[in-house]
Amino acid sequence: MKYPVFEPDFGEAEIAAVTSAMRRGEISGIFGKSIAEFEGAFAGYCGAAHGVAVSNGTVALQLAARVAGVGPGDEVLVSACTNIASALAVYYNGGITVPVDACAKTWNLDLNLLETLITPKTKAIVVVHFLGNPVDMPRLMDVANRYGLKVIEDCAEAHGAEWKGQKVGSFGHLACFSFLSNKVITTGEGGMVLTQDAQMADEMRYLRSLAFGKVRFYHEVPGYNFRLTAMQAAMGVVQTARLEEVIEKKIDLYRRYQARLSSIPGIQLVQEPLEGRHVHWMVGLRLGPKFGVSRDRLRDHLATKGIDTRTFFCPMNQQPFLRRQAGHRDAVCPVADALWEDGVYLPSTTSLTDADLDYIAGQIRSAA
Ligand SMILES: Cc1ncc(COP(=O)(O)O)c(C=O)c1O
């Protein structure tokens with residue numbers, strides 16, 4: 001494809017950081033300074049007291065759910081419109097995912113539904129800042145605190161997003177990030193859990209590295225090998241320093257798309273928060289009935305013109321293995337179902353020029 005959905009933004013500084021970590025012998029996830037440096041820099045940027053680097057965003061969520069106390073039979077409210085990783089975190093801890101339908105305008109979870117879904121079994125909420133759009137976290141935390149629920153923010157798509165000037169990842173009891181190659185910043189693969197709670201951070205550090213005890217090789221509890229390598233952390237330090245620059249480019253890309261797409265009948269763009277900063281990880285849109293063809297027809301047309309696209313996520317209420325799980329609760333999620341049918345995201349590489357966007361928007365217009 002001439003226009004892939006995304007290409008990562010890194011250069012000589014990242015390459016130099018990785019090679020210099022290698023020259024210092026910092027390659028595994030145990031020795032050297034790069035991991036602590038990355039954790040400190042990224043947590044500091046987000047306004048969290050502690051960062052615990054791990055191998056990817058999926059295991060970050062699994063670890064966070066474990067220290068949040070999610071266990072067998074516990075129900076956890078999860079944004080219906082998300083990557084399966086948000087629900088796997090619950091599943092691998094024995095909990096039951098209860099999907100929360102999306103809001104038709106923000107595409108994030110519908111905050112009005114939270115209280116209707118809480119039962120005595122509810123233990124926690126996994127809230128996703130979808131495509132980089134920040135959820136109204138003070139409102140969500142208010143509900144969680146009233147019911148004594150733990151909150152895990154899934155910030156995999158939302159590095160640097162803000163609600164009233166405060167960064168996502170600093171609101172919940174725990175917050176998880178991904179540094180996969182298509183994310184706002186990347187370490188190839190990688191993840192981090194943030195928390196303000198020193199005890200939870202210590203527990204996660206212990207669990208991520210096989211739960212080694214004071215007596216080496218004597219284990220009180222089952223741990224994991226969720227370690228990030230120091231080489232990746234060295235790349236993460238450089239990427240973190242560049243994060244604001246990348247976000248500015250992402251927002252600029254979105255504005256340039258918006259100028260070209262908003263006048264096309266049937267195209268619906270996301271409602272951005274007045275009180276927040278949407279970082280536009282990917283440029284998404286929904287196709288309404290006024291657009292002449294279906295979303296899949298549009299994707300097929302764009303593919304023939306060298307333009308790669310992705311659908312939004314298949315919602316958690318439709319996932320076969322979750323539906324088969326003992327204790328499964330049926331959930332009705334018409335908005336998340338519709339997003340799966342009519343949502344699409346476009347090439348979102350920040351180096352796309354105005355001419356590239358003219359071409360892509362022109363092809364969308366001609367498909368309608
Ligand atoms: C919302 C969300 N959560 C979690 C993940 C999982 O992160 P990773 O791929 O690093 O495991 C992703 C995507 O990769 C995601 O988009």
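Side chains included, hydrogens not; waters and symmetry mates left out as well; all remaining heavy atoms used. Residue numbers start at 1 and run along the sequence shown.
By the 6.0 Å contact criterion, CD on Glu115 is enclosed, its count of non-hydrogen atoms from other residues, nucleotides or ligands being greater than 12. Heavy-atom neighbours of Arg255 CZ from other residues, nucleotides or ligands within 6.0 Å: above the threshold of 12. Counting non-hydrogen atoms of other residues, nucleotides and ligands closer than 6.0 Å to CD1 of Ile27 gives a total of 12 or fewer. Atom CZ of Arg297 has 12 or fewer neighbouring heavy atoms from other residues, nucleotides or ligands inside a 6.0 Å radius. For CD of Glu245, the number of neighbouring non-hydrogen atoms (other residues, nucleotides, ligands) closer than 6.0 Å is greater than 12.
In this structure, a donor-acceptor pair under 3.5 Å is absent between the side chains of Gln232 and Glu189. Using a 3.5 Å distance cut-off with no hydrogens or angles, the side chains of Glu26 and Ser34 do pair a donor with an acceptor. His129 and Glu153 form a side-chain donor-acceptor contact under 3.5 Å, judged by distance and modelled atom types alone.
Hydrophobic cluster membership differs between Met235 and Val184, with clusters built from Ile, Leu, Val, Met, Phe, Trp and Tyr side chains linked at under 4.5 angstrom.
In summary, the aromatic rings of Trp281 and Phe130 are positioned with their centroids too far apart to meet the 6.0 Å limit. For His159 and Phe179, the gap between ring centers is short of 6.0 Å.
Residues Val78 and Val100 have side chains not in contact (no heavy-atom distance under 4.5 Å, counting atoms from C-beta outward). Taking the side chain as every heavy atom from C-beta outward, Ile152 and Ile125 never approach each other to under 4.5 Å. The side-chain heavy atoms of Tyr345 and Val5, taken from C-beta on, include a pair separated by under 4.5 Å. No side-chain heavy atom of Val128 sits under 4.5 Å from any side-chain heavy atom of Asn108. A heavy-atom distance below 4.5 Å is found between the side chains of Glu244 and Ile247. Between Arg286 and Ile267 the shortest side-chain heavy-atom distance does not fall below 4.5 Å. Between Lys305 and Tyr3, the closest side-chain pair of non-hydrogen atoms is not below 4.5 Å. Contact of the Leu61 side chain with the Leu88 side chain is not registered, since no non-hydrogen atoms from C-beta on lie closer than 4.5 Å.
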Problem set entry | side chain to side chain contact (heavy atoms under 4.5 Å, CB included) evaluation trace for Asn133 with Leu131 | CA-CA 6 Å; Asn133 196 15; Leu131 296 181; 5.7 Å; no
For this session: Test side chain to side chain contact (heavy atoms under 4.5 Å, CB included) on Ile185 and Arg242 and set out the steps.
Result: CA-CA 8 Å; Ile185 55 170; Arg242 292 190 46 224; 5.9 Å; no
Problem set entry | Working for side chain to side chain contact (heavy atoms under 4.5 Å, CB included), residues Leu180 and Asn56 | CA-CA 7 Å; Leu180 179 66; Asn56 55 62; over 6 Å; no
Problem set entry | Verdict with supporting geometry, Asp197 and His173, side chain to side chain contact (heavy atoms under 4.5 Å, CB included) | CA-CA 8 Å; Asp197 184 311; His173 300 94; over 6 Å; no
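Residue pairs satisfying the ring pair (Phe, Tyr, Trp, His ring centres under 6.0 Å) criterion with at least one member in residues 43-96, sequence neighbours excluded, are listed as follows: Tyr91-Phe321.
Using a cut-off of 4.0 Å between Lys/Arg side-chain N and Asp/Glu carboxylate O, Arg256 and Asp354 are scored as salt-bridged. No salt bridge links Lys164 with Glu275; every basic N to acidic carboxylate O contact stays at or beyond 4.0 Å. Ion pairing of Asp308 with Lys2 is absent here, as no side-chain N (NZ or NE/NH1/NH2) approaches a carboxylate O to less than 4.0 Å. Ion pairing of Arg208 with Glu39 is present here, as a side-chain N (NZ or NE/NH1/NH2) and a carboxylate O approach within less than 4.0 Å.
In this structure, Arg365 and Ser263 approach most closely via the heavy-atom pair NH2-OG, 3.1 Å. The nearest pair of heavy atoms linking Gly73 to Ile96 is O-CG1, 4.2 Å. Here the closest heavy-atom approach between residue Phe312 and residue Leu285 is recorded as CZ-O, 3.8 Å. Between Ser262 and Leu269, the shortest heavy-atom distance links the atoms CB-CD1, 4.3 Å. Residues Leu63 and Val54 share a closest heavy-atom pair of CD2-CG1, 3.9 Å. Listed here is the closest heavy atom pair of Phe42 and Leu243: CE1-CD2, 4.0 Å.
Between Leu109 atom CG and Cys103 atom SG the span is 9.5 Å, to the nearest 0.5 Å.
A cation-pi arrangement is found for Arg216 relative to Phe212, the charged atom lying closer than 6.0 Å to the ring centre and inside a 45° cone about the ring normal.
Annotation for Met1: hydrophobic cluster partners, listed by chain and number, are none (ILVMFWY side-chain heavy atoms under 4.5 Å, direct or chained).
Taking the ring-ring contact (aromatic ring centres under 6.0 Å, His included) definition, one finds that Tyr147 meets it with nothing, sequence neighbours left out.
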